[in-house]
Amino acid sequence: MTEKVIIIGSGPAGWASAIYSARAALQPLVFEGAITEENRLAGTLPLGQLALTTEVENYPGFPAGDLSAYLANAIAEDKRRLMAPPSKEGATGPELMELMRQQAVNFGTRIITEDIVDVDFNTQPFKLTASDGKIYESHAVIVATGARANYLGLPSEEKYKNRGVSACAVCDGALPRFRNRPLAVVGGGDSAVEEADYLSKFASTVYMIHRRDQLRASKIMAKRAMDNPKIQVLWNTTLAEVLGNDKDGVTGVRLQSTAGGPDVVKDVTGVFMAIGHTPNAAFLKNKLALTEKKYIRWTTPARTYTSVEGVFAAGDVADDYYRQAITAAGSGCMAALDAERWLAAKGL
Ligand SMILES: Cc1cc2nc3c(=O)[nH]c(=O)nc-3n(C[C@H](O)[C@H](O)[C@H](O)COP(=O)(O)OP(=O)(O)OC[C@H]3O[C@@H](n4cnc5c(N)ncnc54)[C@H](O)[C@@H]3O)c2cc1C
């Protein structure tokens with residue numbers, strides 16, 4: 001059977017695409033990713049990056065409040081049993097993602113819990129190979145496979161994720177545990193300066209932990225860091241260990257010198273990793289045009305078109321700039337509308 005549209009990915013972009021395609025009677029089929037140890041370690045289990053975080057304070061429509069009653073009738077019982085009890089602080093990342101998935105299911109979206117591991121975009125209909133070896137055909141494809149934040153891989157970093165270790169200042173910087181407290185940012189590029197600058201609105205001091213003796217950031221961004229009285233760059237240092245305890249989460253960092261000096265401990269309540277993201281687009285190498293940073297290249301301004309007609313891209317896999325749930329969902333909606341119009345124009 002040839003599908004009208006297959007959506008690859010299960011973050012906000014994928015579910016928004018599914019909701020819009022389903023309501024346009026395209027009967028979308030979503031590959032939400034496989035539940036494997038490899039995906040767990042990479043942070044790419046079904047439901048995407050937002051499912052890795054706790055409170056989401058900036059997704060419109062979900063102010064702080066007790067969602068228990070709503071979740072009890074919006075989410076299917078079998079899914080709810082696997083979720084943490086609702087907090088009174090508004091929606092958590094996993095709750096928002098289950099709500100989006102459920103909304104897509106309510107409109108008839110079909111879901112397969114496998115990865116897409118290979119694609120053939122040289123034929124029409126396109127051919128997609130899933131991780132169970134089966135091959136699926138579709139006239140249109142929406143790629144919404146997201147990206148993952150890079151971490152150093154320290155056990156202590158993993159231990160304190162969501163308890164002071166984060167990879168997104170815009171998402172987490174305003175949380176109470178980071179306000180008026182010293183924080184650390186790991187990295188020395190433009191995005192590290194951006195993270196540090198953003199955090200300086202809330203923090204008492206932001207230490208930038210950088211392994212070299214000058215920033216990799218562009219001159220203008222480096223100047224922004226130097227001119228900010230709250231940012232202190234700790235040159236020639238690497239993060240050796242995140243310090244903390246079960247009660248408070250992160251309480252400090254142990255830093256190693258790359259210039260032969262002794263280890264230093266700094267008290268901080270948060271550590272923000274700013275060492276880049278990896279788009280989940282490796283399976284698309286040589287199949288779609290990618291950017292220098294290996295993100296999918298959008299070929300037309302304000303459209304979700306890719307280098308292959310009939311293949312659309314949405315969310316963080318094509319966007320290394322905004323990287324927010326709302327922007328991912330927004331481009332997911334755009335991709336569904338683009339796919340619908342393309343199918344109609346082709347009479348498919
Ligand atoms: C810790 C953390 C906290 C965050 N907090 C916030 C916040 O508070 N507010 C906010 O707006 N944003 C936040 N973000 C950013 C936000 O989560 C992302 O911008 C958003 O999730 C991107 O959505 P997406 O749909 O593009 O992809 P993702 O959420 O990255 O989801 C894509 C998913 O698709 C699946 N997939 C990948 N490859 C394949 C494949 N080959 N086959 C099938 N499936 C595949 C995987 O399950 C993958 O996880 C946070 C991010 C992180 C890491």
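First listed ligand is number 1; within each ligand, the first listed atom is number 1.
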For this session: Check the surroundings of atom CZ in R181: do more than 12 heavy atoms from other residues, nucleotides or ligands lie under 6.0 Å from it?
Result: no
Exercise. Taking non-hydrogen atoms only, is E32 closer than 4.0 angstrom to ligand 1 via side chain, backbone, both or neither?
Worked result: backbone
Exercise. Does ligand 1 have an atom under 4.0 Å from some heavy atom of F283?
Worked result: yes
Exercise. Under a 4.0 Å heavy-atom limit, does A144 contact ligand 1 with its side chain, its backbone, both, or neither?
Worked result: backbone
Exercise. Does an N or O from L47, backbone or side chain, lie closer than 3.5 Å to an N or O of ligand 1?
Worked result: no
For this session: May I ask you to check whether Q324 has an N/O atom sitting below 3.5 Å from an N/O atom of ligand 1?
Result: yes
For this session: For atom 42 (N) of ligand 1, find the nearest protein heavy atom and state the residue, atom name and distance (0.1 Å precision).
Result: I116 N, 2.9 Å
Problem set entry | Closest protein heavy atom to atom 31 (O) of ligand 1, given as residue, atom name and distance to 0.1 Å | G48 CA, 3.3 Å
Problem set entry | Atoms in ligand 1 flagged as close to L45, the criterion being non-hydrogen separation under 4.0 Å | 46 (C), 47 (O), 49 (O)
Exercise. L50 heavy atoms, cut-off 4.0 Å: which ligand 1 atoms fall inside?
Worked result: 5 (N), 6 (C), 7 (C), 12 (N), 13 (C), 14 (N), 17 (O), 21 (O)
Exercise. Do Q49 and ligand 1 have an N or O pair less than 3.5 Å apart?
Worked result: yes
Exercise. Could you state the interatomic distance from CD (E114) to CD (E32), rounded to the nearest 0.5 Å?
Worked result: 10.0 Å
For this session: Work out which heavy atom in A222 is nearest to a heavy atom in A217; give both atom names and the distance.
Result: N-CB, 4.2 Å
Problem set entry | Option with minimal heavy-atom separation from atom 6 (C) of ligand 1, where the choices are P46, C168, A318, C171 | C171
Exercise. Which heavy atom of A325 sits nearest a heavy atom of P12, and at what distance?
Worked result: O-CB, 3.6 Å
Problem set entry | Numbered atoms of ligand 1 (with element) below 4.0 Å of G146, judged on heavy atoms | 26 (O), 27 (O), 28 (P), 30 (O), 32 (C)
Exercise. Among all protein non-hydrogen atoms, which one is nearest to atom 11 (O) of ligand 1, and what is the separation to 0.1 Å?
Worked result: A325 N, 2.8 Å
Problem set entry | ligand 1 contact on A147 by region, counting heavy-atom pairs under 4.0 Å | backbone
For this session: Using heavy-atom distances, let me know which of T145, T327, N58 sits nearest atom 40 (C) of ligand 1.
Result: T145
Exercise. Got a sec: does the NZ of K4 have more than 12 other heavy atoms crowding it under 6.0 Å?
Worked result: no
Problem set entry | Check: M1 main-chain N/O paired with Y136 side-chain donor or acceptor under 3.5 Å | no
For this session: Check each heavy atom of I8 against ligand 1 and say whether those closer than 4.0 Å belong to the side chain, the backbone, both or neither.
Result: side chain
Problem set entry | Greater than 12 external heavy atoms within 6.0 Å of Y20's OH | no
For this session: Hydrophobic side-chain clustering at under 4.5 Å (ILVMFWY, transitive links): who's grouped with F178? Put none if nobody.
Result: L175, L183, V185, V193, L199, V206, M208, L215, I220, M221, M226, I231, V233, W235, F272
Problem set entry | D118 with K287: basic N within carboxylate O range, under 4.0 Å | yes
Problem set entry | Those atoms of ligand 1 less than 4.0 Å from some heavy atom in F31 | 43 (C), 44 (N)
Exercise. Less than 3.5 Å between some nitrogen or oxygen of D316 and one of ligand 1, yes or no?
Worked result: yes
Exercise. At their closest point, which heavy atom of V253 faces which heavy atom of L243, and how far apart are they?
Worked result: C-CD1, 3.9 Å
Seminar exercise, completed: Residue, atom and distance of the protein heavy atom nearest atom 25 (O) of ligand 1 read A13 N, 2.9 Å
Problem set entry | Option nearest atom 24 (P) of ligand 1 (shortest heavy-atom distance, choices A42, P12, G14) | P12
Exercise. Among side-chain atoms of E3 and S138, is any donor-acceptor pair under 3.5 angstrom?
Worked result: no
Problem set entry | Under 3.5 Å: donor-acceptor pair, side chain of R177, backbone of T269 | yes
Exercise. Are any of the side-chain nitrogens in K346 or E309 under 4.0 Å away from the carboxylate oxygens of its partner?
Worked result: yes
Problem set entry | Numbered atoms and elements of ligand 1 in range of G315, under 4.0 angstrom, heavy atoms | 26 (O)
Exercise. Between Y322 and M334, is there a shared hydrophobic cluster once you connect ILVMFWY residues whose side-chain heavy atoms come closer than 4.5 Å?
Worked result: no
Problem set entry | 4.0 Å heavy-atom contact, A149 with ligand 1 | no
For this session: Could you tell me which atoms of ligand 1, counted from 1 in the order shown, lie closer than 4.0 angstrom to a heavy atom of G9?
Result: 34 (O), 35 (C), 44 (N)
Exercise. Of all the non-hydrogen atoms in the protein, which one sits nearest to atom 15 (C) of ligand 1, and at what distance?
Worked result: R323 O, 3.6 Å
Exercise. Does S10, backbone or side chain, put an N or O under 3.5 Å from an N or O of ligand 1?
Worked result: yes
Problem set entry | Which of the ligand 1 atoms, numbered from 1, are nearer than 4.0 Å to a heavy atom of A328 | 22 (C), 23 (O), 24 (P), 26 (O)
Problem set entry | Interfacing atoms of ligand 1 (cut-off 4.0 Å, heavy-atom, G33) | 43 (C), 44 (N)
Exercise. So is there a nitrogen or oxygen of T44 less than 3.5 Å from a nitrogen or oxygen in ligand 1?
Worked result: yes
Exercise. Would you say ligand 1 has an N or O under 3.5 Å from any N or O of G43?
Worked result: no
For this session: Would you confirm whether T306, through its side chain, and V311, through its main-chain N or O, come within 3.5 Å as a donor-acceptor pair?
Result: yes
For this session: Find out if a path of hydrophobic residues (ILVMFWY) with successive side-chain heavy-atom gaps under 4.5 Å connects F283 to V308.
Result: yes
Exercise. If you measure every N/O of T53 against every N/O of ligand 1, is any gap under 3.5 Å?
Worked result: no
Exercise. Between E77 and R81, is there a salt bridge with N-O shorter than 4.0 Å?
Worked result: yes
